[in-house]
Amino acid sequence: MTHDPFIPTPHRIVEKRQETLDTVTLVVEPETPFVFAPGQFNMLYALGRGEVPISISGDPGEPSRLVHTLRAVGLVTDALAALEVGASLVVRGPFGSSWPVEEAKGHDVLIVAGGIGLAPLRSTILHILRHREDYGRLAILYGARTDHDLCFADDLHEWGGRFDVEVRVTVDRGSPAWRGRQGVVTAVIDKTDFDPARTVAMVCGPEVMMRHTARALRAAGMKDEQVYLTLERNMKCGIGQCGHCQLGGELICRDGPVYPYPRVAPLMRIREL
Amino acid sequence: MSAETASKGRAGGRELLDALVTTLIAKGYRVMGPRREGAALQLEPIDDVDQLPWAVVDAQGPGRYRLEQYEQPVAFAHGPLAFSMRRLVSPPEERLVTLRRKGAELAVEPAAVHARPTAVIGAKGCDLRALRAQDAVFRDGAHPDPRYVARREALFTVAVACHRPADTCFCVSRGGDVRPDPDDADLLLTELVSASPRYLLEASSDRGREVLEAMPGDAIGEDDRVRASGQDHAAREAMVRALPREAAQAALLAAEETEDFEAVAERCLACQSCTAVCPTCFCLTVEEEPSYDGQASTRVRRRDSCFSPDFSYMHGGAVRGSRAGRYRHWMRHKLATWSGQWGLDGCVGCGRCTTWCPAGIDFVAEATRHIQRQEET
C-alpha cells in the first residue's frame, strides 16, 4: 500500500532547553536518521489538541538528532512546550522547500532573523559552518523584542566568538541590565560589512519585519532576487491537500515555506490574501 | 461474444439499463444513481431502474431548486444532482489515526482504509472533470492519500451525455461538454429521448468492456449515432450561460483588493453551502476526538471551508477576517489561482454554487461583473 502521509512517528525526547520564558528546544533521537534540508518543517502533534507546523532548528549534517524550537502561543504549542524529557514527540515530515544553500555556495551569506525566526535559520547556519569553505563571509543579524526574548543565546555567543562569522544582536527594548545594541534589526544592516553584489540574504521573522528588511537590503544595493524568506500560515496537512496555507496561488506548505522574495513580494502587499 | 463486438457498444430500450444494473450488481458493485430523495435528486444506491427519476426534471436558478414533471419518460433529463461524486472518493468525515498513551510513550494506531466497489450510473461530464481535479490533489502529487487512491480505484463510472442542461449550467464555456470525455469514465451512456427512449452504451476502459461483454443488446447503428449527435448539438445550443476561462482568470487575478468584493460580501452569509456542493472543492481540516479519560485521541479528517474565519487562523487572529476577503479567496481560487496550483481548472461549470446559495448569489453574474470591469479599464 502507498505510504500514508498522515501517519506520524513518535520519538522519545532526550533533551529539553528553555530558550526563553515561552520558547523551548526539544531534541529527539530518531531510530533511523532523519534526513532533511535546512528550512524544512515538520508537523508536531500534541495528544488531543492537534498538530502545528514547526521548523527544524537542528543541524542537517547530524540526522541522528532531530531538533525543534517552538514558542508557546496557543493550544497545541502550549502542550508541546510542556513536554519533558522521556515523553513522546509525535512527528510527521519533513515538508516544504529549503533555504538556497546550494545556490549560495561561493557567495557571502547574510542571515537576518527576528525572534523565533532564528529557528529555521539555525539549521542553515549550522550547515554553512559545517561546510565553511564553500561559502564567503557569513553575517548573522538577529533582533528580538527584549533581551529576555533572545533565543539560542549559547549559539550566538559561540558564533560571535569565531573569527569567520560576524554576529550582530539587537533588541527593540532592552532591560535595565542590557548593555548591547538597541533598535530594530534593519538598522544594523548598513553597519554590516558585506558586498551586495555577491551576497545571498536569508530572512525570517514577522512579515512586517521581513518587508522592512527586504527594503533595507535593496537600499544597501542588493537585488530582490538575492533575498529569500520563509512564510507561515495555518496548516493542517503539510502536503498541499488541506488548502489552509494558501497565499494567493501559493500553497505555502508545498511551494514554500522558503521563497525567493520576488515570487511572494506582490502577494505580501495584499491585505487579507 | 467477442471483445470486438463489445467494443462496438450496445443499444436497446429500457431493458438495456436493467441489464446494466444487474450486471454491475453481479460483478460486486454497489450501484448508485440519481434518485428522488424528498425534494431533490440525489446520488443514492439503486438496485432497480424503476428507482431512477423517470419523467422528473429539476428547475435550477440562483437560490432555487424545484422538481417538475417532464414531458418525456426519460431518466436523465435532470441537471447536476445536489451533491456530486466527491463524497464517494473524499467523504465528509473519516478517521485517520488514533494515538494512545502507553506509559511515557504514545502508540500510533492507523485507521483501516475502506473502499467499497461502487458504480455510479449517470455521472455527468462536469462531475467527471471535477474528479480529475480531486485526483490532482489527492492522487497525483508527491504524497498520494492511500484512502483516496483506494476509493478512486473502487469507483466505476457510467457517464451520461446531458440532453437537457439546467439553466445554471455553463460547462461548455469551462472547456467541458454535454458529452463527457470517454477517458474520464468506464462506460458512456446516451439516452435518446422519445416516448420510448433508446439507450446506447459504449466502453472506454477495460473494466467497462468487461461489463459490456457480459450484457445482451443490439449493436449501435448509424442512425443511433446521428440522433445522438443531433441531441448533443441541441443541448450545447440550449446552454446559454458562459464564463469564459481566460477572461475570468485575467479579471480575477486583477481583482486583488477586498474592496472589489465588498458588495457581494454584503449578501454572502458565509454559510459554506457553495463549498459543500462544489465538486472540485477539496479543503480539509483534521480534528481531535479525545477519549473521556484523556489517554487517547482519534484524528478525524473533515471537510473544511474557506468561508470559515477559523480556516486561516494563526496565533493572533484570522488572516482573512472579513467576509469580503473570504469571498475573494473562494472566487479567485476557483477561477484564477487553481490552474497554477494543479495544472487544471478549478471550476467545471456545474452551477451548484449558484443553485444552492441561500442568498441567491449568482457566481457567473458576479464573475462577469469582474470581467466587464476589467474590459472597461
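Reminder, nothing fancy here: chain letters follow the sequence lines and each chain counts from 1. Atoms considered below: every heavy atom in the structure, side chains included; atoms not considered: hydrogens, waters and symmetry mates.
Per-residue heavy-atom pair counts under 4.5 Å with chain B were compared for A:E232, A:R233, A:H244, and the maximum is reached by A:H244. Of the listed residues B:E105, B:E257, B:R147, B:E289, the one with more heavy-atom pairs under 4.5 angstrom with chain A than any other is B:R147. Taking B:R332, B:H315, B:Q341, B:M314 one by one and counting their heavy-atom pairs under 4.5 Å with chain A, the maximum is reached by B:Q341. The residue among A:Q246, A:R12, A:R49 with the most heavy atom pairs within less than 4.5 Å of chain B is A:Q246.
At a threshold of 4.0 Å, the pair A:E51-B:R299 counts as salt-bridged, since one of the basic side-chain nitrogens sits closer than that to a carboxylate oxygen.
Within 6.0 Å of the CD atom in B:E246, the count of heavy atoms belonging to other residues, nucleotides or ligands does not exceed 12. Surrounding CZ of A:R173 are at most 12 heavy atoms belonging to other residues, nucleotides or ligands under 6.0 Å away. Within 6.0 Å of CZ in A:R145 there are 12 or fewer heavy atoms belonging to other residues, nucleotides or ligands.
Of the two parts of B:E259, only the side chain, counted from C-beta on, holds a non-hydrogen atom closer than 4.5 Å to a non-hydrogen atom of chain A. Only the backbone of B:A296 comes within contact range of chain A, with at least one heavy atom under 4.5 Å from a heavy atom of that chain. Using a 4.5 Å cut-off between heavy atoms, B:V108 contacts chain A through its side chain alone, with no backbone atom that close. With a 4.5 Å cut-off on non-hydrogen atoms, B:S322 touches chain A through its backbone and its side chain both. Using a 4.5 Å cut-off between heavy atoms, B:T258 touches chain A through its side chain atoms alone. Interface residue A:V73: backbone and side-chain heavy atoms are both found under 4.5 Å from chain B. For A:P8, the parts lying near chain B are the backbone and the side chain together; criterion is any non-hydrogen pair under 4.5 Å. In this structure, the portions of B:R320 lying under 4.5 Å from any heavy atom of chain A include both its backbone and its side chain. For A:L273, the parts lying under 4.5 angstrom from a heavy atom of chain B are both the backbone and the side chain. Proximity to chain A (any heavy atom under 4.5 Å) is shown, for B:E287, by neither the backbone nor the side chain.
In terms of heavy-atom proximity, B:C283 sits nearest to A:G243 at SG-CA, 3.6 Å. Residues A:K236 and B:T285 approach most closely at CE-OG1, 3.4 Å, considering heavy atoms. B:S297 approaches A:G48 most closely through the heavy-atom pair OG-CA, 3.5 Å.
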Exercise for review: Check step by step if side chain to side chain contact (heavy atoms under 4.5 Å, CB included) holds for A:I270 and B:R328.
Suggested key: CA-CA 12 Å; A:I270 303 171; B:R328 172 189 58 185; 3.4 Å; yes
Review point. Can you check side chain to side chain contact (heavy atoms under 4.5 Å, CB included) on B:R326 and A:E272, steps first, answer last?
Key: CA-CA 8 Å; B:R326 303 205 289 278; A:E272 286 193 47; 5.7 Å; no
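Remark: B:R301 qualifies as a cation-pi partner of A:F6 under the 6.0 Å distance and 45° angle criteria applied to the six-membered ring.
In this structure, a donor-acceptor pair under 3.5 Å is absent between the side chains of B:Y148 and A:Q241.
B:P146 is listed as a side-chain neighbour of A:P5, based on a closest heavy-atom distance under 4.5 Å. With contacts defined as side-chain heavy-atom distances shorter than 4.5 Å, the pair A:E250/B:T337 does not qualify. Residues A:L47 and B:L106 form a side-chain contact, since some pair of their non-hydrogen atoms from C-beta on lies under 4.5 Å apart. For the pair A:C242 and B:F311, the minimum side-chain heavy-atom distance is 4.5 Å or more.
Residues B:H143 and A:F95 bring their aromatic ring centres within 6.0 Å.
Atom CD1 of A:I239 and atom CZ of B:F138 lie 8.5 Å apart (nearest 0.5 Å).
Although no hydrogens or angles enter the test, the distance criterion places a donor-acceptor pair under 3.5 Å between the side chain of A:N234 and the main chain of B:Y313.
Against chain A, the residues from residues 92-103 of chain B that qualify, each with a non-hydrogen atom under 4.5 angstrom away, are B:L96, B:V97, B:L99, B:R101 in number order.
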